[in-house]
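What you see is a predicted model, and the numbers here were worked out from it, not measured in a lab. First the proteins, then the strands, lettered A, B, ... as listed; each starts at 1.
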There are 2 protein chains.
Amino acid sequence: MVSMSNLTSTSDKILQCARSLVIAGGYNGFSYADIAEVVGIRKASIHHHFPSKVDLVRTLLEQYREEAKTGIAALERYHADPVDQLRAYTSYWAECIGDPTSAFCVCALLASQIPVLPPEIVLEVRAHFRMLSAWLTSVLDKGATQGGFVLAGTARSEAEGFVAGVHGAMLSARAYGDDKVFKVVTDSLIEKLVSNRS
Amino acid sequence: MVSMSNLTSTSDKILQCARSLVIAGGYNGFSYADIAEVVGIRKASIHHHFPSKVDLVRTLLEQYREEAKTGIAALERYHADPVDQLRAYTSYWAECIGDPTSAFCVCALLASQIPVLPPEIVLEVRAHFRMLSAWLTSVLDKGATQGGFVLAGTARSEAEGFVAGVHGAMLSARAYGDDKVFKVVTDSLIEKLVSNRS
DNA sequence: CCATATCTACCTTCTAGTAGAATACTTGTC
DNA sequence: GACAAGTATTCTACTAGAAGGTAGATATGG
């Protein structure tokens with residue numbers, strides 16, 4: 001249990017692979033057999049690490065959300081200016097868009113399938129959205145106070161608009177099969193917040 | 001073949017049901033058995049109308065896209081003002097959000113699963129996105145010329161931002177399980193275009 | 001020796017899809 | 001209007017393969 005032998009343990013490989021597969025097609029878009037083939041083990045071995053598919057995806061989401069929080073914390077340390085924080089956030093995603101294994105927010109993708117998702121998964125997805133909009137609300141709030149932004153509405157409603165804009169841009173990039181549209185949309189999203197000065 | 005006996009033929013019921021199921025969970029989120037149960041026929045009868053799942057979903061998308069075009073044409077006839085056209089468009093979706101069987105754009109939902117979708121389906125989804133952004137580009141263009149809007153970027157890039165914002169708002173509404181967020185986001189989206197006057 | 005990890009072999013249910021029989025409707029002919 | 005021929009539609013019954021999952025044997029390493 002303590003060992004973890006290799007640098008990337010089998011259970012990490014399984015989680016990584018499952019994440020890529022969820023990003024590609026959501027909860028019902030992959031199977032244990034798909035993972036087994038990629039990781040190079042048998043289905044039963046996956047069940048040893050993650051007894052059920054719900055266990056696997058819930059764990060994957062906990063890990064993903066932890067990484068997101070860590071990433072945001074790092075981003076806040078490196079960029080003091082709220083405008084720079086937003087730019088760092090969208091730039092991060094602009095780079096992900098080019099890589100099929102990370103071209104979509106796992107939670108945004110799963111959110112679209114909420115009506116057919118197990119309730120445990122829905123809770124994680126919802127929690128991620130709340131974390132994201134709370135963070136963006138605080139960034140916009142700070143930016144408005146410091147004079148970097150002039151907000152048309154409340155910080156909260158502008159934050160929800162920003163979240164929606166970023167997720168919608170991921171969707172459009174995927175629909176067109178064109179990475180550039182993501183940057184176009186998110187740059188304009190930030191531009192609207194900074195150029196709207198009074 | 002000419003008859004269609006009832007007002008809503010069996011194949012129409014199948015298409016309607018399949019559409020609801022796609023809206024709930026996408027291409028891999030439903031089966032012929034699910035449709036059979038709802039419509040009250042056997043699986044084999046569905047295969048008579050739509051030999052394969054790809055046939056069914058492609059037909060469903062052709063029908064959906066036709067309805068979308070008709071809806072937009074109607075909306076343009078009833079509202080001369082570009083601002084009113086955008087309002088009518090988002091109001092239409094605001095009403096859909098409350099009804100689980102139509103709470104998401106079929107093409108937006110399928111776009112998220114493009115990597116695992118049959119190519120015929122991808123083509124339809126992509127075509128819908130192009131139609132939508134072309135229409136919104138023309139609306140914003142007209143609005144800018146007539147003085148109703150002041151666009152921060154090109155009509156095209158603002159249109160892509162609008163599409164992304166609307167789809168992202170659908171996603172957020174589903175994630176939170178809260179219909180109101182859709183209206184908040186889309187109202188602010190329009191507000192930014194009209195209140196940004198020079 | 002004990003725990004973790006992986007394996008083979010299997011189960012049950014679901015999946016899309018097929019074959020062919022049994023209905024029900026249309027249509028032309030008398 | 002009656003009747004047969006054809007055509008649509010639906011059914012039962014089935015298939016092969018994939019799904020998620022289990023039991024129990026076999027390694028592997030401290």
Nearest to the side chain of B:Y32, which nucleotide is it out of D:dG21, C:dA16, C:dC7? C:dA16

Among C:dA9, C:dG17, D:dT12, which nucleotide sits nearest the side chain of B:A44? D:dT12

A:E124 bridged to A:R65 by N-O distance under 4.0 Å: yes

The side chain of B:H48 lies closest to which of these nucleotides: C:dT6, D:dT12, D:dT9? D:dT9

Cation-pi check for B:F30 against B:K53: NZ or CZ below 6.0 Å from the six-membered ring centre and within 45 degrees of the axis, yes or no? yes

Separation of C:dC14 C1' from B:I35 CD1 (nearest whole Å): 15 Å

So, does the side chain of B:K53 form a donor-acceptor pair with the base of C:dG17 at under 3.5 Å? no

Could you tell me whether the phosphate oxygens of C:dA16, OP1 or OP2, come under 4.0 Å of any side-chain nitrogen or oxygen in B:S52? no

Does the separation of the ring centres of A:F129 and A:H167 fall below 6.0 angstrom? yes

Value in whole Å for how far the P atom of C:dA16 lies from CD of B:E37: 14 Å

What does A:F30 touch in the nucleic acid at a heavy-atom separation under 4.0 angstrom: a base, only the sugar-phosphate, or nothing? sugar-phosphate

Describe the nucleic acid contact of A:A33 in one word from base, sugar-phosphate, nothing, applying a heavy-atom distance below 4.0 Å. sugar-phosphate

Which part of the nucleic acid, if any, lies within contact of B:S45, taking any heavy atom under 4.0 Å across all strands shown: a base, the sugar-phosphate backbone alone, or nothing? base

If you count the non-hydrogen atoms of other residues, nucleotides and ligands that lie under 6.0 Å from NZ in A:K183, is the total more than 12? no

Report the distance from atom CD of B:E160 to atom CD of B:E158, rounding to the nearest 0.5 Å. 11.0 Å

The residue among B:L109, B:V54, B:V22 that forms side chain to side chain contact (heavy atoms under 4.5 Å, CB included) with B:Y27 is B:V54

Around atom CD of B:E67, are there more than 12 heavy atoms from other residues, nucleotides or ligands closer than 6.0 Å? yes

Is the phosphate of D:dT9 approached by B:T10 (side-chain N or O, under 4.0 Å from OP1 or OP2)? no

Spacing of A:I46 atom CD1 relative to C:dC7 atom C1', expressed in whole Å: 13 Å

Would you mind reading off the distance between A:D12 atom CG and C:dA5 atom P, rounded to a whole angstrom? 12 Å

For the pair made of NE2 in B:H47 and P in D:dC14, what is the distance, rounded to whole Å? 17 Å

Heavy atoms from C-beta onward define the side chain here; which of C:dG17, D:dG21, C:dC7 lies closest to that of A:I41? C:dC7

Just how large is the angle between the end axes of the helix from C:dT13-D:dA18 to C:dC30-D:dG1, five pairs per end, to 10 degrees? 10°

Starting the side chain at C-beta, find the nucleotide from C:dA16, D:dC11, C:dT8 nearest to B:R42. D:dC11

Is it true that A:E37 and A:K43 make a salt bridge, defined as a side-chain N closer than 4.0 Å to a carboxylate O? no

What's the NE2-C1' distance between A:H49 and D:dG21, to the nearest Å? 16 Å

Write down the distance between CZ (A:F50) and P (D:dT22), rounded to a whole number of angstrom. 15 Å

Whole angstrom is fine here: how far is it from NZ in B:K43 over to P in C:dA19? 15 Å

